[in-house]
2 protein chains.
Amino acid sequence: MATLKDVAREAGLSVGTVSRVLNNRGYISEETRTSVRDAMARLHYQPNAMARSLSKRSSSMIGVIVPSISHPYFAKVLSCLESAAHEKNYQLLLFCSQGKVSREEEYVSVCSSNRVAGLVLCSGTVKTGELRDLGFPVVTFERFLNNADAGVECDNYEGGVIAARELIRAGSRKLLCISGAGEVSMPADARREGFLDVCSEHPEIEVKVCLCAPEHLDDLNYVQELRTFLDEMPDTDGIFAGSDVIGMQAMTELAKRGRRVPEDVRIVGYDDVNLARMTNPQLTTIRQPVPEMAKECIDIIMKAARNESYPARTMFHVTLERRGTT
Amino acid sequence: MATLKDVAREAGLSVGTVSRVLNNRGYISEETRTSVRDAMARLHYQPNAMARSLSKRSSSMIGVIVPSISHPYFAKVLSCLESAAHEKNYQLLLFCSQGKVSREEEYVSVCSSNRVAGLVLCSGTVKTGELRDLGFPVVTFERFLNNADAGVECDNYEGGVIAARELIRAGSRKLLCISGAGEVSMPADARREGFLDVCSEHPEIEVKVCLCAPEHLDDLNYVQELRTFLDEMPDTDGIFAGSDVIGMQAMTELAKRGRRVPEDVRIVGYDDVNLARMTNPQLTTIRQPVPEMAKECIDIIMKAARNESYPARTMFHVTLERRGTT
DNA sequence: TTAAACATGTCAATCGATTGACAGACGATC
DNA sequence: GATCGTCTGTCAATCGATTGACATGTTTAA
């Protein structure tokens, strides 16, 4: 592999000058600029990112920890983060915690070792040890932790409120509120709260809260639990699903029971993943502005890198995507 | 951030000794070993991976280029790769090419800059320039390129054969063979070939080949095209879908047309992603041993790192997952 | 004419860890 | 008493790029 020195020799210039071209510092004539570029091309020169990071004391990598990659919501988040990072010439270092705290801690260490520019944490309960003073900012995605540097969230309470209103508007009276796994703890809590608050304003509404065990991160199979829930309230006519994946499986299970959607039962999902448009009828769902959220995460990390101040907590609105199930 | 020097000072030892502990070289007494560990713990020492990579001339990162992250098949691949890499203490550097050759080339450069230990290429047509002599092995996933160092594949021809036999076994006579996007070019070609070869052995079988445009990588919406295909052969009674995503949308579209699955139409998907179990009925599909394939990729990269020889081409069998649609 | 802006070179330190050469010290063994 | 094997230390080079200080030119512009 060619080094800076080789390029300098090839171009008949000094390392200093070549470095100036590479980093756009000081005075450089257009002429030498091109001759440096030519030399780099001839030698297939690729600057050694390790050496650069070492001397700059920070890399162009951003760590991302998700609980699961196969879950369409996190796949979507990853996709948006990659796209936002790429625009700023940053790369993603990907980690999958499978919801295990020990893994999260390990991955935080690895990020620290690699001197990432920042860490986006899509996983993790409040437990994860001390997240400050790591030398890089930790931004939580869709959750807020006191021990992190910043949080980018959606108004989950609002999401619950919108979902409840939509189901009631569509004529549902016996509601099932199903909280999923994967979006463990806090986000789901706020959604449920918003949902229940609206319900309590309507005395005629009956609600039942169902919690899924957090073990479905990879196989995403909620069928067993959904059966139990539906058995417990067989005449439900409105379901608020914690994710589109759950919503979709609820549709399948309802079809098996001969209950029609949306005539007999209305459903509101969450996340608006691709999946939600593939069902028949298409799933009504609550959408988060994931691309904007991802961009915000990257922005925060870049601001921190430039030593600028950044918001400690950013909250986005969610919107209702009304489709065929309500 | 504490450095090796700091640890040495804290432990009252020399850098040489501390480095010996870290890298398990030479003679070290159990006593100093623990005192070094203690010192590291006290200082929250995290070895600088950049410095290490620089002097070792190789990092513990593995580049991965996929065309899309939201596509459940690639999400699954990523998930398995992450898991296999983690076992060996390697990290993934994630790139999403969106099927664009220019992006692929750019990403290969970035990997080269970062002196990755290897690159797993899940994306890319044969076009991608020269992939050898980059200083690290390039392993293609589910495709074979002459200009890469190794390929880990599935027997796609076999997949096509199995799918055809299954549809015929289930009583289908007018077949639709739909090749998807995302799994562009070669993999899909071989599948189709196997499928058609079996069909040509049965003179009573009618087949129609349909190609989807490769623009659905992110939204995964094949509905428009599926409608066209189904209009062209409205009485089809057997569909071989290029992916479960397509298979699932075909089910939805068939339901709208009042055609029952599997009574009127049989469907065989491909990939066996989580999705395939969420439909009603569950989708019969061709499964690839993705976890094993991912492990093999990582193995190859590790062998290359140790300068051992590795297989240039590894082929796995696919298996039929017979479920409700056949 | 003279001071500035422009353009490049030299040199050396630095980032943090790795590695090898070499030198002592201690204890055990023959 | 000589010879190993074990344990640690010192020292310096190296990986490849960055950066700053400083010198030396050449153009421009006032």
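Note on naming: letters A, B, ... go to the chains in the order of the sequence lines (proteins, then strands), and numbering restarts at 1 for each one. Everything numeric in this text was worked out from a predicted model, so none of it was measured.
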So which pairs with a foot in residues 297-306 of chain B pass salt bridge (charged side-chain N to carboxylate O under 4.0 Å, His left out), sequence neighbours left out? B/Arg306-B/Glu308

At what angle, to 10 degrees, do the two end axes of the helix from C/dT1-D/dA30 to C/dC30-D/dG1 meet, given five pairs define each axis? 30°

Establish, with yes or no, whether the OP1 or OP2 oxygen of C/dT18 is under 4.0 angstrom from a side-chain nitrogen or oxygen of B/Arg25. no

Taking only residues two or more places apart in sequence or in another chain, which ones pass side-chain hydrogen bond (donor to acceptor under 3.5 Å, both in side chains) with B/Asn23? B/Ser19

A correct 5'-to-3' footprint of nucleotides 4-9 of chain D, with B, S and - meaning base, sugar-phosphate only and no protein heavy atom under 4.0 Å, is -SBBBB

side-chain hydrogen bond (donor to acceptor under 3.5 Å, both in side chains) partners of A/Ser112, counting only residues at least two apart: none

Under 4.0 Å protein heavy-atom contacts per nucleotide of nucleotides 23-30 of chain D, with B for base, S for backbone only and - for none: --------

With A/Glu296, which residues qualify under salt bridge (charged side-chain N to carboxylate O under 4.0 Å, His left out), at least two apart? none

Could you work out, with side-chain hydrogen bond (donor to acceptor under 3.5 Å, both in side chains) as the rule, every residue matching A/Ser29, not counting sequence neighbours? A/Thr32

Applying side-chain hydrogen bond (donor to acceptor under 3.5 Å, both in side chains), can you list everything that pairs with A/Arg103, at least two apart in sequence or on another chain? A/Tyr107, B/His86

With the criterion being N/O to N/O and under 3.5 Å, what pairs connect the protein with nucleotides 14-17 of chain C, and how long is each?
from: C/dC15; atom 1: O4'; to: A/Arg57; atom 2: NH1; distance (Å): 3.4
from: C/dC15; atom 1: O2; to: A/Ser55; atom 2: N; distance (Å): 3.4
from: C/dG16; atom 1: N2; to: B/Ala51; atom 2: O; distance (Å): 3.4
from: C/dA17; atom 1: OP1; to: B/Tyr45; atom 2: OH; distance (Å): 2.5
from: C/dA17; atom 1: OP1; to: B/Asn48; atom 2: N; distance (Å): 3.3
from: C/dA17; atom 1: OP2; to: B/Leu4; atom 2: N; distance (Å): 2.3

Under the side chain to side chain contact (heavy atoms under 4.5 Å, CB included) test, residues paired with B/Arg33 that sit two or more places apart: B/Val21, B/Asn24, B/Ile28, B/Glu30, B/Arg37

Do the side chains of A/Arg313 and A/Glu153 get close enough for a salt bridge, i.e. N-O under 4.0 angstrom? yes

Donor-acceptor contacts, no H, no angles, side chain residues 41-48 of chain A, under 3.5 Å, sequence neighbours left out:
from: A/Arg42; atom 1: NH1; to: A/Glu10; atom 2: OE2; distance (Å): 2.5
from: A/Gln46; atom 1: NE2; to: B/Ser109; atom 2: O; distance (Å): 3.2
from: A/Asn48; atom 1: OD1; to: A/Met50; atom 2: N; distance (Å): 2.8
from: A/Asn48; atom 1: OD1; to: A/Ala51; atom 2: N; distance (Å): 3.1

